[in-house]
Protein chains: 2
Amino acid sequence: MKTKQTIVWDTVQEEFIQKWRELGTAWGIPPAMAAIHGLLLSQQHPLITDEVMSTLSLSRGSAHTQLQALVDWGLVYPVRTLGTRQRRYVAEKDAWQMMACIARQRKKRELDPLLELEGWKESQSAGLSDSAPAQALDKTLDGILTQARAVNGVFDRLISEDERWWEQWLIRGLRRN
Amino acid sequence: MKTKQTIVWDTVQEEFIQKWRELGTAWGIPPAMAAIHGLLLSQQHPLITDEVMSTLSLSRGSAHTQLQALVDWGLVYPVRTLGTRQRRYVAEKDAWQMMACIARQRKKRELDPLLELEGWKESQSAGLSDSAPAQALDKTLDGILTQARAVNGVFDRLISEDERWWEQWLIRGLRRN
DNA sequence: CAGTACTTTCATTTTAAATTGAAAATATGT
DNA sequence: ACATATTTTCAATTTAAAATGAAAGTACTG
């Protein structure tokens, strides 16, 4: 089946994608993933894998893997066209939704493992290390875990609640006093 | 000059350092840097480069570079012993200070470049791209930048203000309603 | 102004992460 | 069930990041 050309392409978009790719690198995101996300953000209509591949000169494997990752993150939706196996992809354009997706991933990757230290710490205090240095480390860890729990609370809210909460929180929090 | 052994070392600390290193990886921090930070966090007294090197089996180059990075971040303080060129290093143990350091770095690395998109966006709208797709991208970008500014506000405060503000903010924000 | 103790740099090597491309698997229409 | 369009997987390659180690630089001491 001949694929209708759905890509809109111009210099502004090309530049945007480049910038988005660089930004992605700073955020610890694979270049291909960031580039695809940038491309889809700049497109109003869903694209098929082949369009993504050829527009960004990526291999099929990479395009597929990164597209999958974007779908897993919730930043991109797969769209099934009726009467064909073909899958198309659109990006979520709402900034708040995007942020929630990213927050979800970061919490999983960065915060949850940190909070697991709590369990480890307890399992350790069972072992009889009550030397002064061990106790000092214990105290430091307590402080870290308290902070981590606080940040975690913010993330939990950010992820599970609606946009209104976030806005209210920012307004309340950022107002001096 | 013979160096007095200042390291306190046991299984708990070794495990902690290992966990901290893994955590570091999830946070996009070089393993050696995370390991050194873990080691210094677990020590009450300042260590010299050679102790760090041998305890963690690192090369001198790596120990030096990562120690420097930790000092640059503000997570570790260099201590000059009088009457010798020798430099020792201690970790900041206060969790809030640590968080502020990390927030500062992340803002610089992840947020500031995002905010620079604003300038780019404006320089682009000067060029006459008023096609429908270009306008759509423009709108999406606006949303993203608005979110980015909001998050940036939080970070600015977190970095420049004192601990009390942060605590208050969390308490106010996290209380339901 | 040596001599030495420590620090800094950097070309090379190592390691980990991302990408490729082609083969295998799966779904869909006839 | 067959043929074909599309997706998925994965061993091999490429690329980028970090670590090494030895040489060069710098400050302190007598």
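The shown structure was predicted, so the numbers you read here are calculated from the model rather than taken from an experiment. Below, chains carry the letters A, B, ... as their sequence lines are ordered, and counting in each starts from 1.
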Exercise. Using atom CG of B:Asp72 as one end and atom P of C:dT8 as the other, report the distance to the nearest whole Å.
Key: 11 Å

Quiz item: Looking at side-chain heavy atoms only, is the closest gap between A:Arg149 and A:Thr146 below 4.5 Å?
Solution: yes

Exercise. Could you pick out which residue, A:Gln68 or B:Thr65, lies toward the 5' side of DNA chain D when each is mapped onto its nearest nucleotide?
Key: A:Gln68

Quiz item: With side chains defined as the heavy atoms from C-beta onward, is the minimum distance between A:Met98 and B:Gln147 less than 4.5 Å?
Solution: no

Quiz item: C:dT20 C1' sits how many Å from A:Met53 CE, rounded?
Solution: 10 Å

Practice problem: Could you check how far CD1 of A:Ile36 sits from C1' of C:dA18, rounded to whole Å? | Solution: 12 Å

Quiz prompt | For atom CG of B:Asp50 and atom C1' of C:dC6, their distance in whole Å | solution = 8 Å

Exercise. Give a yes/no on whether any side-chain N or O of B:Thr49 is located under 4.0 angstrom from OP1 or OP2 of C:dT7.
Key: yes

Quiz item: Could A:Glu116 and B:Lys19 be called an ion pair, given the rule that one side-chain N must be under 4.0 Å from one carboxylate O?
Solution: no

Exercise. Provide, to the nearest angstrom, the distance between the CD atom belonging to A:Gln86 and the P atom belonging to D:dT6.
Key: 5 Å

Quiz item: Looking only at side-chain N and O atoms, does B:His64 come under 4.0 Å of OP1 or OP2 in C:dT7?
Solution: no

Practice problem: Please collect all salt bridge (charged side-chain N to carboxylate O under 4.0 Å, His left out) contacts where either partner lies in residues 24-35 of chain B, sequence neighbours excluded, each pair once. | Solution: none

Quiz item: If you pin A:Ser57 and A:Arg80 to their nearest nucleotides in DNA chain C, which one's is more 5'?
Solution: A:Ser57

Quiz item: Roughly how many Å is it from CZ in B:Arg87 to C1' in C:dA5, rounded to a whole number?
Solution: 13 Å

Quiz prompt | Counterpart residues, side chain to side chain donor-acceptor pair (under 3.5 Å), relative to B:Asp50 (two or more places apart) | solution = B:Arg60

Self-check item: Atom-to-atom span, CG of A:Leu47 to C1' of D:dT6 - whole angstrom
Solution: 16 Å

Quiz item: Quick one: side-chain hydrogen bond (donor to acceptor under 3.5 Å, both in side chains) pairs with a partner in residues 100-111 of chain B, sequence neighbours left out?
Solution: A:Arg106-B:Glu110, A:Glu110-B:Arg106, B:Lys107-B:Asp112, B:Lys107-B:Asn152, B:Lys107-B:Asp156

Self-check item: Base of C:dT7 paired with side chain of B:Arg85 (donor-acceptor, under 3.5 Å)
Solution: no

Exercise. From the options B:Leu47, B:Val79, B:Val71, select the one residue that forms a side-chain contact (heavy atoms from CB on, under 4.5 Å) with B:Tyr89.
Key: B:Val71

Quiz prompt | Phosphate-side-chain proximity, B:Arg60 and C:dA5, N/O vs OP1/OP2 below 4.0 Å | solution = no

Please list, one pair per line, the donor and acceptor atoms closer than 3.5 Å that link side chains of residues 35-43 of chain B to other protein atoms, with sequence neighbours excluded.
{"from": "B:His37", "atom 1": "ND1", "to": "B:Trp20", "atom 2": "NE1", "distance (Å)": "3.1"}
{"from": "B:Ser42", "atom 1": "OG", "to": "B:Leu39", "atom 2": "O", "distance (Å)": "2.8"}

Quiz prompt | Side-chain heavy-atom pair B:Met99, B:Trp166 within 4.5 angstrom cut-off | solution = yes

Distances for protein N or O near nucleotides 16-19 of chain D N or O, under 3.5 Å:
{"from": "D:dA19", "atom 1": "OP1", "to": "B:Ala32", "atom 2": "N", "distance (Å)": "3.0"}
{"from": "D:dA19", "atom 1": "OP2", "to": "B:Gln66", "atom 2": "OE1", "distance (Å)": "3.3"}

So which protein nitrogen or oxygen atoms get under 3.5 Å of nucleotides 11-14 of chain D's nitrogens or oxygens?
none

